[in-house]
There are 2 protein chains.
Amino acid sequence: MTSEEARRRPPTAQQFVLAELRRAITTGRLRPGAPIRQDALAEELQVSRVPLREALKTLQGEGLVSYQAHRGYFVETLSLADLREVYRIRELLEEEAVRKAVARLTDADLDRLEETQRDVEDAAARGDVLAMATANRLFHMTLFECAGMPRLTRLIRTLWDSTDAYRSMYYGEGGNRERVVKEHRATLEALRRRAADEAVATLDAHRAHAVAELESLLAGD
Amino acid sequence: MTSEEARRRPPTAQQFVLAELRRAITTGRLRPGAPIRQDALAEELQVSRVPLREALKTLQGEGLVSYQAHRGYFVETLSLADLREVYRIRELLEEEAVRKAVARLTDADLDRLEETQRDVEDAAARGDVLAMATANRLFHMTLFECAGMPRLTRLIRTLWDSTDAYRSMYYGEGGNRERVVKEHRATLEALRRRAADEAVATLDAHRAHAVAELESLLAGD
DNA sequence: CAAGGCAATATTGGATCCAATATTCAGCAT
DNA sequence: ATGCTGAATATTGGATCCAATATTGCCTTG
């Protein structure tokens, strides 16, 4: 059986619930700190509690929800210190990923990145915040996957997703969307020249700016 | 309710199963690549499949088992390339943890590390492989926790545990146990002098040696 | 009126049953 | 013999029910 065939199979209830939960947390429909009532959620999603609980275990492993025995699951709340830690760890891991990626980058990889960047720019131009977040994530993950280190990429992706609930605030600002587009162009340009140090530097700046923005946004709470 | 009280509560079936599964994988009772038959395992552990499946989801998130829908869970097999990747990521994360830890290290922390090191040496002297692995893990995690970055520590711990099935091979050799004791002493000595670079260097050497040993051991398969 | 305890309720943990899917194997055609 | 087909079996996915635990709120008592 090919993976194509596997993907064509109807998703299990658990996969469906997992996707729904991610979206609910990302979009803020389930707010940080809120308890997750299994009965209500299961009924809303028209599944039993069994697949729901397995999906929650997955999310617990990814740090999107916390869990206490006999008390249940809660949407994880990230303090400013938590956010800084996540971004610092990403900095360490992404530097490695970019350096390895630059060392192996093919022209086909660059083409794929260009294509994704066009999607980012389209979404930015339309002011479509959700599409912007999706395309931006794809751009970065496409780059990191070029490193050929699947575990490293997976860790980065998990860290990335763990701050989704906060990232949407960032893209709300039109100025930030424009900035992201420019920074991506700078990164792409460095990648074309195989200038690893520059590529790392642009991504570090990218991240640092996001942290600074989040700090001022969260301070206003 | 205090966490003391929470710990006193009898463990849930799921917690019990999780611990049992970890041990079975670590000790090689469940071999890499082997399918995990839920019915048989559940009966053996005297629980239903529900808590077993939730425990398996947790282990999937930690990379100890893999999962395919409708086919079930399998003990993860790590190729040499996989092991190298895990150790490389640990190198990146542990360097950060050690530097942060050195910057914050108190005398009480040093005392705790000394104490743990005594346990390591006792176990090494007795040739107790399992106790050695346990004490060694505690020594490193105690150090990393001093960094005050809980997510970072958690990531390192997960990566550490993901190679447990292979680490026991390493400690089987008496010479390696002696070497670990010596390397720990060097690390401790550097920590006492707050010499971050030296501490990082000793740990890097520690890890590099483990990788080299595993390479020769796995090549012989 | 405040604080503690106890019953009532809500919620999670786990067992069992059935459904959906995958695997195995016997029988058959080539 | 080899490869295919389909029934029989094995295994996982999910729903429902009950048990164990936590939470709530009323009532008592000081």
Side-chain angles (χ1 to χ4, degrees), chain A residues 1-22 24-25 30-61 64-77, chain B residues 1-22 24-25 30-61 64-77:
Chain A
M1 158 179 337
T2 72
S3 71
E4 276 304 308
E5 281 166 336
R7 249 191 291 282
R8 228 191 306 279
R9 211 184 299 135
T12 60
Q14 188 185 140
Q15 292 166 332
F16 164 73
V17 167
L18 187 56
E20 285 298 308
L21 279 174
R22 274 193 223 282
I25 293 174
L30 285 175
R31 303 220 180 144
I36 295 176
R37 299 296 171 215
Q38 300 175 9
D39 255 328
L41 242 177
E43 188 178 18
E44 183 184 325
L45 300 176
Q46 293 285 297
V47 297
S48 79
R49 281 174 50 219
V50 175
L52 172 59
R53 276 159 62 178
E54 293 193 30
L56 285 168
K57 264 285 170 281
T58 298
L59 293 177
Q60 182 192 354
L64 266 71
V65 305
S66 64
Y67 169 76
Q68 289 176 267
H70 302 294
R71 297 205 52 221
Y73 295 86
F74 300 81
V75 181
E76 188 71 80
T77 62
Chain B
M1 161 179 330
T2 71
S3 73
E4 276 305 310
E5 283 166 337
R7 250 190 291 282
R8 227 191 307 279
R9 211 184 300 134
T12 61
Q14 187 186 138
Q15 291 166 332
F16 164 73
V17 167
L18 186 56
E20 285 297 309
L21 279 174
R22 275 193 222 282
I25 293 174
L30 286 176
R31 304 227 177 137
I36 295 176
R37 298 297 170 214
Q38 299 175 9
D39 255 325
L41 241 177
E43 187 178 19
E44 183 183 325
L45 299 176
Q46 293 285 299
V47 297
S48 80
R49 281 175 50 219
V50 175
L52 171 60
R53 276 159 63 177
E54 292 194 29
L56 285 168
K57 265 283 170 281
T58 299
L59 293 177
Q60 183 193 353
L64 265 72
V65 304
S66 64
Y67 169 76
Q68 288 177 267
H70 302 294
R71 295 205 52 222
Y73 296 86
F74 301 80
V75 181
E76 188 71 83
T77 61

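Everything quoted here is computed from the prediction, not taken from an experiment. Both backbone and side-chain heavy atoms feed into the values below; hydrogens, waters and symmetry mates do not.
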Sorted by number, residues from residues 65-72 of chain B placing a heavy atom under 4.0 Å from DNA chain C are B/H70, B/R71
What is the distance, to the nearest angstrom, from the OH atom on B/Y73 to the P atom on C/dA22? 16 Å
Expressed in angstrom and rounded to an integer, what is the separation of B/Q60 atom CD from D/dG13 atom P? 10 Å
Rounded to whole Å, how long is the line connecting atom CD of B/E43 with atom C1' of D/dT11? 15 Å
Tell me every residue that passes salt bridge (charged side-chain N to carboxylate O under 4.0 Å, His left out) with B/E44, counting only those two or more places apart in sequence or in another chain. B/R29
What nucleic acid atoms does B/I36 come within less than 4.0 Å of, heavy atoms only: base, sugar-phosphate, or nothing? sugar-phosphate
Smallest separation among heavy atoms of B/A13 and B/V47, with atom names: CB-CG1, 3.9 Å
Residues within residues 44-53 of chain B bordering DNA chain C, heavy-atom distance below 4.0 Å: B/V47, B/S48, B/V50, B/P51
If you look only at distance, which donor and acceptor atoms sit under 3.5 Å apart when one is on a side chain in residues 65-72 of chain A and the other is two or more places apart or in another chain?
| from | atom 1 | to | atom 2 | distance (Å) |
| --- | --- | --- | --- | --- |
| A/Q68 | OE1 | A/R71 | NH1 | 3.2 |

Among all residues two or more places apart in sequence or in another chain, which pass the side chain to side chain donor-acceptor pair (under 3.5 Å) test with A/T12? A/Q15
Taking salt bridge (charged side-chain N to carboxylate O under 4.0 Å, His left out) as the definition, give me every residue that meets it alongside A/R22, ordered by chain and number, with sequence neighbours left out. A/E62
Of all residues at least two apart in sequence or in a different chain, which pass the side chain to side chain donor-acceptor pair (under 3.5 Å) check with A/E20? A/R23
Whether B/E43 side chain and B/A40 backbone form a donor-acceptor pair below 3.5 Å: no
Only counting residues at least two apart or in another chain, list the ones meeting side chain to side chain donor-acceptor pair (under 3.5 Å) with B/E54. A/R53, B/Q14
Whole angstroms only, please: what is the CD-P distance between A/E54 and C/dG13? 13 Å
Take atom CZ of B/R37 and atom C1' of D/dA10, then tell me their distance rounded to the nearest Å. 8 Å
Residues touching DNA chain D, which here means a heavy atom under 4.0 Å, drawn from residues 11-20 of chain B: none
Whole-Å distance separating the CG atom of A/D39 from the C1' atom of D/dT16: 11 Å
Looking at residues at least two apart in the chain, or sitting in another chain, which of them share a side chain to side chain donor-acceptor pair (under 3.5 Å) with B/E76? none
Grab the CG-P distance between B/L56 and C/dG14 for me, whole Å please. 14 Å
Please name all residues satisfying ring-ring contact (aromatic ring centres under 6.0 Å, His included) with B/F16, sequence neighbours left out, ordered by chain then number. none
Taking only residues two or more places apart in sequence, or in another chain, which ones meet B/R31 in a side-chain contact (heavy atoms from CB on, under 4.5 Å)? none
